[in-house]
Participant: 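Sending over a structure as structure tokens; questions will come in a sec.
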Amino acid sequence: MNAEPADQIRLLDVQALDVRLTQLAHRRDNLPEHAELRSLESELTQQRDLLVAARTEAGDTGREQTKAEQDVEQVRSRAERDRRRLESGMVTSPKDLESLQSEIASLAKRQDDLETVVLEIMERHEAAQARAEELDASVQEIGARVEETAARRDAATREIDAEADRVRKEREVIAGSVPEALLKLYDKLCAQHGGVGAARLYQKSCEGCRLELNVTELGEVRAAPPNEVLRCENCRRILVRTPESGL
């Protein structure tokens with residue numbers, strides 16, 4: 001294949017722009033905000049799960065406390081009725097009086113036991129409520145960090161995308177001035193060699209594979225017409241001669 005030296009030089013410009021596009025895509029995919037967001041979202045999910053558990057516990061202990069307080073009130077009411085009966089003088093039988101006094105004492109013990117249970121449940125309920133409030137504040141704080149980080153990611157992404165658009169437009173202009181056959185070969189080689197289809201011959205070395213041409217290869221390059229499209233014998237990329245080739 002033949003192509004004017006100027007067209008081959010422009011191919012290097014296309015290659016440089018393609019490399020820049022690859023760099024921008026890599027930068028976009030590897031913004032530090034991506035990892036930061038993944039970490040924050042994982043932490044947020046964990047804290048939300050803990051918050052649900054704490055709120056569930058607070059609800060359960062709240063209902064448990066209400067039930068225990070109702071039990072205390074029932075015992076208290078029954079004991080109050082017994083005291084009124086005892087104080088009314090209506091119970092005159094010694095046996096009945098003894099039984100009533102025994103029941104009042106038993107109810108007092110029962111009430112004391114139930115009130116102890118209420119206090120224990122109350123402590124657990126208050127602890128669950130405090131834990132839920134703490135976790136809710138944590139969820140709100142992490143959520144705010146997620147939004148702030150996402151905003152930074154989006155801003156960085158927009159900046160990268162804007163630059164990539166500029167580079168693509170510049171590439172379109174330059175690629176449009178490269179002969180179609182040469183550009184087609186370049187695109188094919190790019191697909192085969194990790195996005196690098198053309199390389200400069202610099203100081204007797206191919207900048208594509210970074211290997212120095214041997215004496216025989218250099219002799220062939222020197223003997224080739226300026227418009228001949230050369231290929232590196234090592235990596236098979238298009239090898240473009242420039243004044244810095246060291247020939």
Participant: Give, for atom CD of E212 and atom OH of Y202, the distance between the pair rounded to the nearest 0.5 Å.
Facilitator: 13.0 Å
Participant: For N214 and E217, work out which heavy atoms get closest and say how close.
Facilitator: OD1-N, 2.7 Å
Participant: With a 3.5 Å distance limit and no angle check, can you tell me whether Q8 reaches the backbone of N2 through a side-chain donor-acceptor pair?
Facilitator: no
Participant: Run the salt bridge (charged side-chain N to carboxylate O under 4.0 Å, His left out) test against D13 and tell me which residues pass, sequence neighbours left out.
Facilitator: none
Participant: Compare every heavy atom of L201 with every heavy atom of C206, then report the nearest pair and how far apart it is.
Facilitator: N-CD1, 4.2 Å
Participant: Measure the CG-CD1 distance between L189 and I238 for me, rounded to the nearest 0.5 Å.
Facilitator: 5.5 Å
Participant: Would you say T216 and E220 make side-chain contact, with heavy atoms under 4.5 Å?
Facilitator: yes
Participant: Tell me who clusters with L119, hydrophobic residues only, linked when side chains sit under 4.5 Å apart either directly or through other members.
Facilitator: none
Participant: For Q47 versus S138, what's the shortest heavy-atom pair and its separation?
Facilitator: OE1-OG, 3.1 Å
Participant: Which hydrophobic side chains are connected to L50, either touching it within the sub-4.5 Å cutoff or through other members that do?
Facilitator: L37, L40, L44, L51, L135, V139, I142, V146
Participant: Identify each donor-acceptor pair in which a side-chain atom of residues 120-131 lies under 3.5 Å from a protein atom, sequence neighbours left out, and give them as a table.
Facilitator:
unit_1	atom_1	unit_2	atom_2	d
E120	OE2	R124	NE	2.6
R124	NH2	E64	OE1	3.3
R124	NH2	E64	OE2	3.0
H125	ND1	A58	O	3.0
H125	ND1	T61	OG1	3.0
H125	ND1	G62	N	3.3
H125	NE2	Q129	NE2	3.3
R131	NH1	E134	OE2	3.4

Participant: Does K169 come within less than 4.0 Å of D165, counting only side-chain N to carboxylate O?
Facilitator: no
Participant: E115: what forms a salt bridge (charged side-chain N to carboxylate O under 4.0 Å, His left out) with it, not counting sequence neighbours?
Facilitator: R76
Participant: Is Y186 linked to V167 within one hydrophobic cluster, defined over Ile, Leu, Val, Met, Phe, Trp and Tyr using a side-chain heavy-atom separation of less than 4.5 Å?
Facilitator: yes
Participant: Taking distance alone, no hydrogens or angles, what donor-acceptor pairs closer than 3.5 Å link side-chain atoms of residues 221-234 to residues at least two apart or in another chain?
Facilitator:
unit_1	atom_1	unit_2	atom_2	d
R222	NE	L247	O	3.1
R231	NE	R236	O	2.6
R231	NH2	R236	O	3.1

Participant: Between M1 and V178, is there shared hydrophobic-cluster membership here, with clusters defined by ILVMFWY side-chain heavy atoms closer than 4.5 Å?
Facilitator: yes
Participant: Start with the C-alpha distance between V19 and Q23, add both sets of side-chain angles, then the distance that settles side chain to side chain contact (heavy atoms under 4.5 Å, CB included), and finish with yes or no.
Facilitator: CA-CA 6 Å; V19 169; Q23 292 171 339; 3.7 Å; yes
Participant: Might you point out which heavy atoms bring L182 and D7 nearest each other, and give the distance in Å?
Facilitator: CD2-O, 4.1 Å
Participant: Not counting sequence neighbours, list each pair that qualifies as a side-chain hydrogen bond (donor to acceptor under 3.5 Å, both in side chains) and has a residue in residues 37-46.
Facilitator: none
Participant: Would a distance-only check, ignoring hydrogens and angles, find a side-chain to backbone donor-acceptor pair under 3.5 Å from R27 to I160?
Facilitator: no
Participant: N30: which residues meet the side-chain hydrogen bond (donor to acceptor under 3.5 Å, both in side chains) condition with it, sequence neighbours left out?
Facilitator: H26
Participant: State, with a plain yes or no, whether a side-chain heavy atom of L17 is found less than 4.5 Å away from one of L21.
Facilitator: no
Participant: Would you list the pairs meeting side-chain hydrogen bond (donor to acceptor under 3.5 Å, both in side chains) in which at least one residue belongs to residues 150-161, sequence neighbours left out?
Facilitator: R28-D161, E33-R152, E36-R152, E148-R152, T149-R152
Participant: Would you please name every residue forming a salt bridge (charged side-chain N to carboxylate O under 4.0 Å, His left out) with E141, sequence neighbours left out?
Facilitator: R145
Participant: Give me each pair satisfying salt bridge (Lys or Arg N to Asp or Glu O under 4.0 Å) with a member in residues 182-206, each pair once, sequence neighbours excluded.
Facilitator: R171-D187, R200-E207, R200-E244
Participant: What distance do Q203 atom CD and L213 atom CG have between them, rounded to the nearest 0.5 Å?
Facilitator: 12.5 Å
Participant: Test of understanding: with side-chain hydrogen bond (donor to acceptor under 3.5 Å, both in side chains), list the residues that count as partners of T56, not counting sequence neighbours.
Facilitator: none
Participant: Rounded to the nearest 0.5 Å, what's the gap from CD1 on I104 to CZ on R81? Could you check?
Facilitator: 11.5 Å
Participant: Can you name the nearest heavy-atom pair linking V118 to A68, along with the distance?
Facilitator: CG2-CB, 3.6 Å
Participant: Do L239 and I9 share a hydrophobic cluster (ILVMFWY, side-chain heavy atoms under 4.5 Å, transitive)?
Facilitator: no
Participant: Might you work through the side chain to side chain contact (heavy atoms under 4.5 Å, CB included) test for D71 and V117, ending with a clear yes or no?
Facilitator: CA-CA 10 Å; D71 291 343; V117 171; over 6 Å; no
Participant: Hydrophobic clustering (ILVMFWY, side-chain heavy atoms < 4.5 Å, transitive) - are V196 and L12 grouped together?
Facilitator: no
Participant: Would you please say whether a donor-acceptor pair under 3.5 Å links the side chains of Q74 and Q70?
Facilitator: no
Participant: Give me the atom names and distance for the closest heavy-atom approach of A198 to L11.
Facilitator: CB-CD2, 4.0 Å
